[in-house]
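See structure below.
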Amino acid sequence: MDTALPVLYSFRRCPYAMRARLAIAYAGIRTEIREVALTGKPQELLAISPKATVPVLQLPNGLVVEESLDIMLWALARHDPEDWLASADDAMPLIRWNDGGFKYYLDRYKYADRYPDYPAHHYRQQGEVFLAELENRLACGGHLCGQDFSIADAAIFPFVRQFAAVDGRWFQTSGYPALKQWLDSLLASALFNAVMGKYPVWVAGSPGVVFPGC
């Protein structure tokens, strides 16, 4: 393994890790992927990031980037061929809403048995406030921040994917035609499929997988 490569500790299905991989792949930055088992996190990860959640990016100079959005910004600062950051002023408040209020209700909707204060449909209805905002934006511009794909689309898409999967039948019959079209398009995209390869769990002392980008 080339020791000059950045190392990304990742978990395939985690939406935070997913969006980090999307940005790295889009930017074409060769990276060593270390797939983590959440039930047995490696000491190498714990040593550089006590928060012990993925994704975590360790750069060749030793710098550690612990937040998924910061990893995205790091990658885009190095190469942003389609100008994902052009609408950053509009995108960042929307991403903060996604990471805050929407993620709060997504977790409760997905794991409603752990939050018995309300039934699942209550949490879904709260999350739909965000879905309605996305629907309006997509109906007007085709993407979340206008006509062009941006960091908002890449950062929010994995969480909408997760929300839609909780009850796929409900989502397919819900009143979000633009959102459904947007989600289907991203699920079928070459970029998404490039970042969803299945890798073996990384074992200390073994090489990770070189992630060449898309």
Side-chain angles (χ1 to χ4, degrees), residues 10-23 36-39 51-55 66-72 84 87-189 191-193 195-196 198:
S10 181
F11 179 65
R12 181 176 179 270
R13 298 194 306 274
C14 169
Y16 294 104
M18 203 177 293
R19 73 183 185 187
R21 297 196 308 271
L22 284 168
V36 172
L38 299 184
T39 55
K51 75 182 181 73
T53 59
V54 294
E66 295 186 277
E67 300 296 335
S68 61
L69 186 56
D70 291 336
I71 294 172
M72 295 185 79
W84 282 13
S87 58
D89 288 346
D90 186 25
M92 291 307 169
L94 193 64
I95 294 170
R96 286 196 292 270
W97 184 357
N98 175 84
D99 293 3
F102 180 65
K103 182 62 165 60
Y104 177 89
Y105 288 113
L106 166 58
D107 288 343
R108 282 151 181 78
Y109 174 41
K110 184 176 181 181
Y111 304 110
D113 57 330
R114 302 180 190 176
Y115 303 96
D117 289 347
Y118 298 98
H121 72 265
H122 168 83
Y123 298 122
R124 184 177 69 205
Q125 288 171 348
Q126 299 303 311
E128 283 189 82
V129 176
F130 186 65
L131 297 191
E133 171 68 18
L134 302 186
E135 176 70 20
N136 289 336
R137 285 169 170 262
L138 292 166
C140 291
H143 291 95
L144 294 181
C145 293
Q147 297 294 328
D148 299 318
F149 193 94
S150 75
I151 187 173
D153 298 276
I156 292 171
F157 152 65
F159 298 87
V160 175
R161 171 183 178 269
Q162 195 173 73
F163 194 95
V166 176
D167 185 343
R169 180 176 297 179
W170 168 84
F171 185 75
Q172 288 305 316
T173 58
S174 64
Y176 303 106
L179 185 64
K180 284 183 280 188
Q181 182 177 1
W182 172 82
L183 179 62
D184 287 345
S185 176
L186 289 173
L187 289 172
S189 68
L191 178 61
F192 175 69
N193 285 280
V195 306
M196 291 303 289
K198 293 183 178 180

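If you read the sequence from its start, that first residue is 1, and numbering goes on from there.
The ring of Phe159 has its center no closer than 6.0 angstrom to the ring center of Phe102. Separation of the Phe157 and Phe192 ring centroids falls under the 6.0 Å cut-off.
Classified by interplanar angle (parallel below 30°, tilted 30° to 60°, perpendicular above 60°), the ring pair Phe130/Trp97 is perpendicular. The aromatic rings of Tyr176 and Phe171 sit parallel to each other, their planes meeting at less than 30°, with 60° as the upper class boundary.
Distance alone, capped at 3.5 Å, places no donor-acceptor pair between the Lys110 side chain and the Phe163 backbone. Within the 3.5 Å criterion, the main-chain N or O of Ala178 finds a donor-acceptor partner in the side chain of Glu135. With hydrogens and angles disregarded, no donor-acceptor distance shorter than 3.5 Å links the side chain of Ser185 to the backbone of Trp182. With hydrogens and angles ignored, the 3.5 Å screen pairs a side-chain donor or acceptor of Asn193 with a backbone N or O of Ser189. Of the possible polar contacts, one joining the Arg21 side chain to the Val195 backbone as a donor-acceptor pair under 3.5 Å is found. Side chain of Asp90 to backbone of Cys145: no donor-acceptor contact under 3.5 angstrom is found.
The residues Arg19 and Asp99 are annotated as salt-bridged, a charged nitrogen and a carboxylate oxygen being separated by less than 4.0 angstrom. Electrostatic pairing of Lys103 and Asp107 counts as a salt bridge here, judged by a charged N lying under 4.0 Å from a carboxylate O.
The CZ atom of Arg108 lies 11.0 Å from the CZ atom of Arg114; values are rounded to the nearest 0.5 Å.
When each of Leu138, Asn98, Leu94 is checked for a side chain to side chain contact (heavy atoms under 4.5 Å, CB included) with Glu133, only Leu94 meets the rule.
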